[in-house]
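Computed from heavy atoms alone, side chains included, the values below leave out hydrogens, waters and symmetry copies. Convention: sequence-line order gives letters A, B, ...; per-chain numbering from 1. This is a predicted model, so every value here is computed, not measured.
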Amino acid sequence: MTRGRTLPRSFYARDPRAVARDLLGKVLQRGSVAARIVEVEAYLGGRDPGSHAFRGRTARNATMFGPAGHLYVYFTYGMHWCANVVCSVEGDAGAVLLRGAAPVEGLATMRRRRPAARRDADLCSGPARICAAFAITGTHDGIDLTTGPIRIRSDGGATPVRRVSTRVGLSEGRGDHHRWRWYVPGDPNVSGPKVRKG
DNA sequence: ACCGGGATGTTCT
DNA sequence: GAACATCCCGGTG
């Protein structure tokens with residue numbers, strides 16, 4: 001059930017901070033599983049100490065250096081997958097990490113994939129939780145979000161209230177000069193510290 | 001509600 | 001060998 005339209009490549013081919021802000025309210029869709037994005041973080045590539053691309057291209061982050069509109073999926077803490085959308089121009093390695101989403105379709109499938117979730121608000125409230133709920137793994141690294149099985153669409157709904165804060169979970173690039181996290185204040189599907197101010 | 005620690009293995013120094 | 005864009009569980013208040 002795909003109402004609305006898949007975001008075009010031009011949406012992603014911009015500054016990651018603009019993409020991050022505009023992703024709030026958009027819908028991540030894979031088959032009959034869908035969730036509305038409520039929390040994201042922008043990463044600026046080679047000039048961002050918090051980015052995987054800060055020290056240059058490697059086998060892991062190669063997708064970030066490719067064209068915008070593709071999915072960059074990485075493995076962390078020995079057990080979790082996290083997903084980003086590649087932004088900006090090819091070679092810039094800009095990206096936006098998907099951190100929180102509100103389930104809107106396919107909740108039974110999500111619950112099966114996320115047995116530890118006690119409430120529906122636990123299904124997609126975290127970068128690794130989103131990947132688990134959508135069954136996104138390393139096999140999806142590099143796929144095209146404009147033509148592939150995983151897409152982000154706009155359903156024409158109202159733009160949600162948006163707020164900015166510092167990023168989550170970093171040892172570098174988390175200062176006030178890097179306020180590149182966008183979220184919908186008060187939404188229960190927002191992850192991270194209980195800080196709802198920013 | 002909040003906090004602390006363990007899980008688990010890839011990536012990079 | 002350390003770090004890691006995290007999550008879950010079990011403790012305590």
Side-chain angles (χ1 to χ4, degrees), chain A residues 12 15-17 19-21 23-24 28 35 37-66 70-88 92-103 110-142 145 152 163-183 186 188-198:
Chain A
Y12 302 102
D15 186 293
R17 292 164 291 194
V19 176
R21 189 197 66 154
L23 275 174
L24 294 182
L28 178 68
I37 298 168
V38 299
E39 182 191 2
V40 291
E41 281 177 351
Y43 289 85
L44 270 54
R47 60 193 183 283
D48 176 0
S51 170
H52 286 173
F54 186 60
R55 290 173 179 80
R57 179 175 178 147
T58 66
R60 176 176 70 160
N61 66 23
T63 296
M64 296 181 85
F65 288 82
H70 289 246
L71 198 65
Y72 165 51
V73 182
Y74 69 91
F75 188 61
T76 192
Y77 288 103
M79 63 193 96
H80 298 304
W81 296 99
C82 296
N84 299 250
V85 301
V86 177
C87 304
S88 190
D92 194 44
V96 173
L97 173 68
L98 304 178
R99 287 201 59 93
M110 293 188 188
R111 294 189 192 107
R112 187 172 67 249
R113 292 168 173 168
R114 295 256 316 114
R118 306 189 70 253
R119 310 167 302 148
D120 288 346
D122 296 328
L123 291 170
C124 297
S125 55
R129 292 173 175 181
I130 290 176
C131 284
F134 281 78
I136 294 172
T137 70
T139 64
H140 303 287
D141 181 41
L145 289 167
I152 302 177
R163 196 165 291 181
V164 186
S165 80
T166 53
R167 296 181 294 189
V168 174
L170 302 179
S171 59
E172 301 284 339
R174 62 178 176 181
D176 285 346
H177 291 306
H178 306 86
R179 305 187 120 237
W180 297 335
R181 170 177 178 250
W182 277 260
Y183 63 101
N189 302 280
V190 172
S191 76
K194 299 300 178 280
V195 184
R196 293 287 188 271
K197 299 181 185 291

- Query: Who pairs with A:Asp92 by salt bridge (charged side-chain N to carboxylate O under 4.0 Å, His left out), at least two apart in sequence or on another chain?
  - Reply: A:Arg47

- Pairing residues for A:Arg60 by the salt bridge (charged side-chain N to carboxylate O under 4.0 Å, His left out) criterion, not counting sequence neighbours: none

- Query: Does the side-chain ring of A:Tyr43 lie flat on the base of C:dA5, meaning centres under 5.5 Å and planes less than 30 degrees apart?
  - Reply: yes

Are there any protein N/O atoms within less than 3.5 Å of an N/O atom in nucleotides 11-13 of chain B, and if so, which ones and at what distance?
residue: B:dC12; atom: OP1; partner: A:Thr58; partner atom: OG1; Å: 2.6

Mind checking what makes side-chain contact (heavy atoms from CB on, under 4.5 Å) contact with [X], not counting sequence neighbours?
X        : value
A:His80  : A:Thr76, A:Tyr77, A:Ala128
A:Ala133 : A:Met110, A:Arg114, A:Cys124
A:Arg55  : none

- What pairs of residues pass the salt bridge (Lys or Arg N to Asp or Glu O under 4.0 Å) test when at least one of them lies in residues 118-129 of chain A, not counting sequence neighbours? A:Arg111-A:Asp120, A:Arg119-A:Asp122

Rounding to a whole Å, what distance do you find between [X]:[atom1] and [N]:[atom2]?
X        : N      : atom1 : atom2 : result
A:Asp141 : B:dT10 : CG    : C1'   : 14 Å
A:Arg119 : C:dC7  : CZ    : P     : 14 Å
A:Met79  : B:dA7  : CE    : P     : 9 Å
A:His80  : B:dG6  : NE2   : C1'   : 11 Å
A:Asp48  : C:dA5  : CG    : P     : 12 Å
A:Arg113 : C:dC7  : CZ    : P     : 17 Å
A:Glu39  : C:dA5  : CD    : C1'   : 11 Å
A:Tyr74  : B:dT8  : OH    : P     : 20 Å

- For A:Ala128 and for A:Glu172, find the nucleotide of DNA chain C with the closest heavy atom, then tell me which residue's nucleotide is more 5'. A:Glu172

- Query: Which residues satisfy the ring-ring contact (aromatic ring centres under 6.0 Å, His included) test with A:Tyr74, sequence neighbours excluded?
  - Reply: A:His52, A:Tyr72

- Task: Sequence neighbours left out, what passes ring-ring contact (aromatic ring centres under 6.0 Å, His included) with A:Trp182? Give chain and number order.
- Result: none

- Under 4.0 Å between any heavy atoms, over every strand shown, what does A:Gly50 touch: base, sugar-phosphate, or nothing? Just pick one. base

- Message: Restricting to side-chain hydrogen bond (donor to acceptor under 3.5 Å, both in side chains), what partner residues turn up for A:Tyr43, sequence neighbours left out?
- Response: A:Glu41

- Is any side-chain heavy atom of A:Arg17 closer than 4.5 Å to a side-chain heavy atom of A:Val164? no

- Pairwise side-chain contact, A:Thr166 with A:Arg179, heavy-atom cut-off 4.5 Å (strictly under): yes

- According to a strict under-4.0 Å criterion, is A:Ser171 in side-chain N/O contact with OP1 or OP2 of C:dC4? yes

- Item | Bracket notation of DNA chain B in which parentheses pair within the strand, [ ] cross earlier pairs, and | pairs with another strand (Watson-Crick or G-U, under 3.5 Å) | |||||||.||||.

- Note on the structure: Taken to the nearest 0.5 Å, the spacing of A:Cys82 SG from A:Ile136 CD1 works out to 10.5 Å

- Task: Sugar-phosphate means primed atoms, P, OP1 and OP2; the rest is base. With that split, encode nucleotides 8-13 of chain C 5' to 3' as B, S or - using protein heavy atoms under 4.0 Å.
- Result: S-----

